[in-house]
Amino acid sequence: MEVDKKARIKELIEILNQANKAYYQDAKEIMSNFDYDRLYDELQQLEQETGVVMANSPTIHVGYEVVSQLPKEQHESPMLSLDKTKEVGTLAEFAGDRNCLLSWKLDGLTVVLTYEKGSLAKAVTRGNGQVGEVITNNARTFQNLPLNIPYQGRLTLRGEAIIKYSDFHKINKEIGEAEAKYKNPRNLCSGSVRQLNSEVTAARNVNFIAFALIHVEGVDFDNSMENQYRWLESQGFEVVERKIVTESDMEEVVSYFAEKVKTYDYPSDGLVLMYDDIAYGLSLGSTAKFPRNGIAFKWKDEEAETVLDYIEWSPSRTGLINPVAVFRPVELEGTTVTRASVHNISIMEELKLGVGDTIKVYKANMIIPQISENLTKSGFTDIPDSCPACGKSTEVRNENGVKTLYCPNQQCPAKHVKLYTLFVSRNAMNIDGLSEETLEKFIDAGYIHEFADIFKLDRYEEEIVNTPGFGRKSYDNLMDSVNRARQVELHALIYSLGIPNIGTANAKLICKHFQNDFDKIRNAAREELVEIKHIGDKMAEKFADYFADEENNAKVDRLLEQITIMQPEENNSQNMEGLTFVVTGSVEKFPNRNAVKDYIEKRGGKVTGSVTSKTNYLINNDVLSNSSKNRKAKELGIEIISEEQFLEKWQ
């Protein structure tokens, strides 16, 4: 009966919340006031009878809170990670003839909850396993978390704060800028749970799935972990899905989860196997790293076999022509995949790729399609001797043993479109409304022949307003953005020119060295440029060559007639001089990772994209993640710090 009441509570909450959303957000009614009041009263009565009040219940009003920082707190007992395997046979051997529980290994953020006298008293993140961050106010906004439970003693449990794929895609869809989109639900969840403003957490639809009971008094579970889970469910918690399993049916049960994960709405990166016999599991003790009462099973990368149809050669603004493998459609990680970058000629030669070959493909980190193996190796596909974009002759270059294909034609249309796309991008001139498709239309129509022409688009007002897909409002917005871009910092201008090998960081280093004197910068010799730290021979040569070209200089002069170079803000806090950082994962205290990069570079530091022996710090709010960057940093002995630790050092 109690189980039926709790199910009815959840059903009523969903119905009433839908009615509230329709009434207050969508300005429509989906039920009468009479029906709403009747269901509301029923919910209140059931909450009183069961003692369960969920965080998303319309009968309560959570007060949002903003804090200056998340307090740290030591866990009562260290939180160890489980040993891991990718082999089903190892799971079967671990279980033997004992009853075990096989459940999802959820991919979110582990949180420890404490209840006192039937109410949520405290929530703490896993942190480093010894010390976590107190997020009690944020936890009160978790969608499915009971704030009040029938049990009146002290209860401690662990679970995973998690964001569903459906909510993740919905949130990303609302973010217009591709770079600002979240990479995966785990990063989004970590950033959402550790917010300083609980209202932000509430908007992210975080759920809580319990997976371990740590402490409770006066309840007999008959030495069974399954009984613990059932008891937690009776208290109103959503508990991880699990199945009782032994060695004999391990393969069958793993197959059940392997099939279900394809459509499962909660992110999962594997399974967890635990002994149901609590006393037996505890008697095994633990190693220095792992408890012996359980083991984690990691999914193998999902591979699919397919046939290579052809190699598509994709020109870029730098002249590099990238090979892309196009193959017969396959399903990977729930999506249809037909293409994978092969990166360069050397990799193509190594794989011996030929049209019609049978290949294996997978998604690296469940995101980026890659070729793992060529099963037939019929032979290397011919390299095109003419550029797909302009038809001019191509050339193969060999740099440091890596072969790449280039188009040397400076007038190649692909270079122009890609070059203008860079010119208007956020870190360059930051002009909204000029997508690559729009730029292509304007270039084809003759409105744009060089950079300066973008600031003269008002000459074609009537034509642009009548361009398909445009209109008056789009035109006005575009011109507002163009006029705002007339004020630009020198480093952004230099980056916008698309000089090979010169990114934003290098542009800033050059500007700083020459004290933002553009005349000195454009007349700098290669020998002067290589004296700048982090500017190598190749960069210096490309930079000097660009400004040695008379036509380039003439175009830049005409651009300067349209814009004003702003002097950067004075910043005397050059306390990161000589330090190299890598920033990864989601950020919380800055608008985005580019803002972190700007912060560092203004203080004399440098930001790179990959962890090397020259890296001083890796900034990652998930310091314990097993990401490739974290692993590399640990291998090299490089300190991994959170955003908060970073600001404590350099604010």
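Because the structure is predicted, anything quoted here is derived from the model rather than measured. Just so you know, residue 1 is the first one in the sequence shown, and it goes up from there.
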[X]-[Y] side chain donor-acceptor pair, cut-off 3.5 Å:
{"X": "Arg204", "Y": "Ser192", "value": "yes"}
{"X": "Thr504", "Y": "Lys597", "value": "yes"}
{"X": "Asp107", "Y": "Ser268", "value": "no"}

Residues that [X] engages under ring-ring contact (aromatic ring centres under 6.0 Å, His included), provided they are two or more places apart:
{"X": "Phe581", "answer": "Tyr617, Phe646, Trp650"}
{"X": "Phe211", "answer": "none"}
{"X": "Phe470", "answer": "Phe442"}
{"X": "Phe590", "answer": "Tyr599"}

Apply side chain to side chain donor-acceptor pair (under 3.5 Å) to [X] and list each qualifying residue two or more places apart in sequence or on a separate chain.
{"X": "Ser372", "answer": "Glu303"}
{"X": "Lys403", "answer": "Glu349"}
{"X": "Thr338", "answer": "none"}
{"X": "Ser642", "answer": "Gln645"}

Roughly how far, to the nearest 0.5 Å, is the [atom2] atom of [Y] from the [atom1] atom of [X]?
{"X": "Ile209", "Y": "Ser103", "atom1": "CD1", "atom2": "OG", "value": "11.5 Å"}
{"X": "Tyr447", "Y": "Leu457", "atom1": "OH", "atom2": "CG", "value": "9.5 Å"}
{"X": "Leu478", "Y": "Thr438", "atom1": "CG", "atom2": "OG1", "value": "8.5 Å"}
{"X": "Ile619", "Y": "Thr584", "atom1": "CD1", "atom2": "OG1", "value": "10.5 Å"}
{"X": "Ser393", "Y": "Asp385", "atom1": "OG", "atom2": "CG", "value": "7.0 Å"}

Sub-4.5 Å side-chain heavy-atom contact between [X] and [Y]:
{"X": "Arg126", "Y": "Leu109", "result": "no"}
{"X": "Tyr495", "Y": "Ser425", "result": "yes"}
{"X": "Val582", "Y": "Val607", "result": "no"}
{"X": "Lys164", "Y": "Asn205", "result": "no"}

Shortest non-hydrogen separation from [X] to [Y] and the atoms involved:
{"X": "Val307", "Y": "Gly356", "answer": "CG1-O, 3.7 Å"}
{"X": "Met250", "Y": "Ala95", "answer": "CE-CB, 3.7 Å"}
{"X": "Leu579", "Y": "Asn616", "answer": "CA-OD1, 3.3 Å"}
{"X": "Arg397", "Y": "Tyr406", "answer": "CD-CD1, 3.3 Å"}
{"X": "Ile295", "Y": "Asp83", "answer": "CG1-O, 3.4 Å"}
{"X": "Ile640", "Y": "Ala633", "answer": "CG1-CB, 3.9 Å"}

Task: Short N-O contact, Asp269 and Lys298, less than 4.0 angstrom - done: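 Looking at Lys298 together with Asp269, the answer is yes, because their closest N to O distance falls below 4.0 Å.
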Open item on the list: Please determine whether a side-chain nitrogen of the Lys or Arg among Glu160 and Lys105 lies less than 4.0 Å from a carboxylate oxygen of the Asp or Glu.
Closed with: no
Listing request: all salt bridge (charged side-chain N to carboxylate O under 4.0 Å, His left out) pairs with a residue in [range], at least two apart in sequence or in separate chains.
{"range": "residues 539-551", "answer": "Glu551-Lys555"}
{"range": "residues 350-360", "answer": "none"}
{"range": "residues 498-511", "answer": "Lys508-Asp598, Lys508-Glu601"}

Is a donor on one side and an acceptor on the other found under 3.5 Å between the side chain of [X] and the backbone of [Y]?
{"X": "Ser474", "Y": "Gly471", "answer": "no"}
{"X": "Ser481", "Y": "Asp432", "answer": "yes"}
{"X": "Arg242", "Y": "Trp104", "answer": "no"}
{"X": "Asn553", "Y": "Phe547", "answer": "yes"}
{"X": "Asn630", "Y": "Asp622", "answer": "yes"}
{"X": "Asn621", "Y": "Ser586", "answer": "yes"}
{"X": "Thr421", "Y": "Val417", "answer": "yes"}

More than 12 non-hydrogen atoms from neighbouring residues, nucleotides or ligands closer than 6.0 Å to [atom1] on [X], yes or no?
{"X": "Lys392", "atom1": "NZ", "answer": "no"}
{"X": "Glu450", "atom1": "CD", "answer": "yes"}
{"X": "Asp382", "atom1": "CG", "answer": "no"}
{"X": "Lys614", "atom1": "NZ", "answer": "no"}
{"X": "Lys377", "atom1": "NZ", "answer": "no"}
{"X": "Glu251", "atom1": "CD", "answer": "no"}

Task: Residues Ser166, Asp265; criterion side-chain hydrogen bond (donor to acceptor under 3.5 Å, both in side chains); working and verdict - done: CA-CA 7 Å; Ser166 52; Asp265 204 15; 2.8 Å; yes
Task: Geometric cation-pi criterion Lys243 and Tyr256, 6.0 Å radius, 45° cone - done: yes
Open item on the list: Please verify the inter-ring angle class for His169 with Tyr165; under 30° counts as parallel, over 60° as perpendicular, anything in between as tilted.
Closed with: parallel
Open item on the list: The criterion is side chain to side chain contact (heavy atoms under 4.5 Å, CB included); which residues satisfy it with His343, sequence neighbours excluded?
Closed with: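 So His343 forms a side chain to side chain contact (heavy atoms under 4.5 Å, CB included) with Ser341, Ile347, Gln370.
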Task: Chi angles and distances behind the salt bridge (charged side-chain N to carboxylate O under 4.0 Å, His left out) call for Glu331, Lys262 - done: CA-CA 10 Å; Glu331 290 293 316; Lys262 296 174 184 176; over 6 Å; no
TODO: Only one of Thr358, Ile359, Ile371 passes side chain to side chain contact (heavy atoms under 4.5 Å, CB included) with Thr306; say which it is.
DONE: Ile359
